[in-house]
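Quick caveat: nothing in here was measured; it's all calculated off a predicted structure. Numbering of residues begins at 1 and proceeds along the displayed sequence.
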Amino acid sequence: MQYALLIYEAEKDWAKNNGPAVMQEYRTFTDSIAKSGNLKGGNPLQPTTSATTVRVRNGKLATSDGPFAETREQLGGFYLIEAKDLDEAIAIAGRIPGARAGSVEVRPVMKIG
């Protein structure tokens, strides 16, 4: 089953929490799940200041700058993985460096068709 591992952290703290050592941890983690066959995709995201939220209300498209939700932590990146079950997905998510300063949401990917 595929799972999205959504990495949340306060953007204002990102620079101080993610120096060269942590970025190397991310590279090591990514290499390890690629070698194990769990990695299916993923990327870091640009800051929320570059986001645009789209809504359609009464048939009219409206956009606003930034993310939809006002939260302390912002979605900073994601991994798409293959895991045998939720327990394996949680174990993989717990190895993501961002879990120490923020949180990682583990969400099953819906199969369509």
Side-chain angles (χ1 to χ4, degrees):
M1 174 161 222
Q2 289 190 344
Y3 293 87
L5 308 181
L6 309 172
I7 305 164
Y8 291 89
E9 189 171 348
E11 279 184 351
K12 64 182 179 54
D13 298 332
W14 193 91
K16 68 181 176 188
N17 294 335
N18 293 288
V22 174
M23 296 314 292
Q24 181 57 48
E25 286 183 63
Y26 269 103
R27 284 189 286 281
T28 300
F29 169 75
T30 303
D31 289 346
S32 75
I33 64 172
K35 288 178 185 168
S36 69
N38 293 107
L39 181 64
K40 298 300 175 193
N43 277 306
L45 301 174
Q46 294 290 334
T48 56
T49 55
S50 67
T52 301
T53 298
V54 176
R55 295 178 184 85
V56 176
R57 300 293 186 268
N58 299 318
K60 294 186 180 184
L61 182 99
T63 63
S64 58
D65 292 338
F68 176 71
E70 291 292 327
T71 63
R72 289 177 160 177
E73 297 178 338
Q74 292 76 37
L75 179 62
F78 68 97
Y79 286 96
L80 178 63
I81 64 163
E82 183 76 33
K84 65 181 177 189
D85 56 26
L86 180 59
D87 290 336
E88 182 180 25
I90 289 169
I92 292 169
R95 295 172 33 215
I96 296 174
R100 293 192 308 261
S103 62
V104 179
E105 178 182 346
V106 178
R107 188 180 299 184
V109 174
M110 186 182 299
K111 291 183 181 178
I112 299 177

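The ring pair (Phe, Tyr, Trp, His ring centres under 6.0 Å) contacts involving residues 89-113 comprise nothing, where partners must be two or more places apart or lie in separate chains. Residue pairs satisfying the ring pair (Phe, Tyr, Trp, His ring centres under 6.0 Å) criterion with at least one member in residues 90-113, sequence neighbours excluded, are absent. Sorted by first and then second residue, the salt bridge (charged side-chain N to carboxylate O under 4.0 Å, His left out) pairs involving residues 104-113 (not counting sequence neighbours) are Glu105-Arg107. Note on residues 85-113: no pairs pass ring pair (Phe, Tyr, Trp, His ring centres under 6.0 Å), not counting sequence neighbours. Listed by first then second residue, pairs satisfying salt bridge (charged side-chain N to carboxylate O under 4.0 Å, His left out) with a partner in residues 2-14 read Asp13-Lys16, not counting sequence neighbours.
In terms of heavy-atom proximity, Ala93 sits nearest to Ala99 at O-CB, 4.1 Å. The heavy-atom pair separating Tyr26 from Gly98 by the smallest distance is OH-N, 2.9 Å.
Connectivity analysis of hydrophobic side chains (ILVMFWY, heavy atoms under 4.5 Å, direct or indirect) links Val54 to Val56, Leu61. Membership of the apolar cluster around Leu80 extends to Val109, as traced through chained side-chain contacts below 4.5 Å between ILVMFWY residues.
Listed for the Asn38 side chain is a donor-acceptor partner under 3.5 Å among the backbone atoms of Glu82.
Hydrophobic clustering, with ILVMFWY side chains joined whenever heavy atoms are under 4.5 angstrom apart, keeps Leu6 apart from Tyr3. Side-chain heavy atoms closer than 4.5 Å link hydrophobic residues (I, L, V, M, F, W, Y) into clusters, and following such links, possibly through other members, connects Ile7 to Phe29.
The side chain to side chain donor-acceptor pair (under 3.5 Å) search around Gln24 returns Arg27, Thr28, not counting sequence neighbours. Take Phe78 and apply the ring-ring contact (aromatic ring centres under 6.0 Å, His included) test, not counting sequence neighbours, and it matches no residue. The side chain to side chain donor-acceptor pair (under 3.5 Å) search around Tyr79 returns Thr30, not counting sequence neighbours. In this structure Pro44 satisfies the side-chain contact (heavy atoms from CB on, under 4.5 Å) test with no other residue, sequence neighbours excluded.
For the side-chain contact (heavy atoms from CB on, under 4.5 Å) with Arg95, the qualifying choice from Leu5, Ile33, Val104 is Ile33, the only one to do so.
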Output side-chain donor-acceptor pairs under 3.5 Å for residues 84-92, partner residues at least two apart or in another chain, one line each.
| residue | atom | partner | partner atom | Å |
| --- | --- | --- | --- | --- |
| Asp85 | OD1 | Asp87 | N | 3.2 |
| Asp85 | OD1 | Glu88 | N | 2.9 |
| Glu88 | OE1 | Lys84 | N | 2.6 |

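Residues Gln74 and Pro47 are not in side-chain contact: their nearest non-hydrogen atoms beyond the backbone lie 4.5 Å or more apart.
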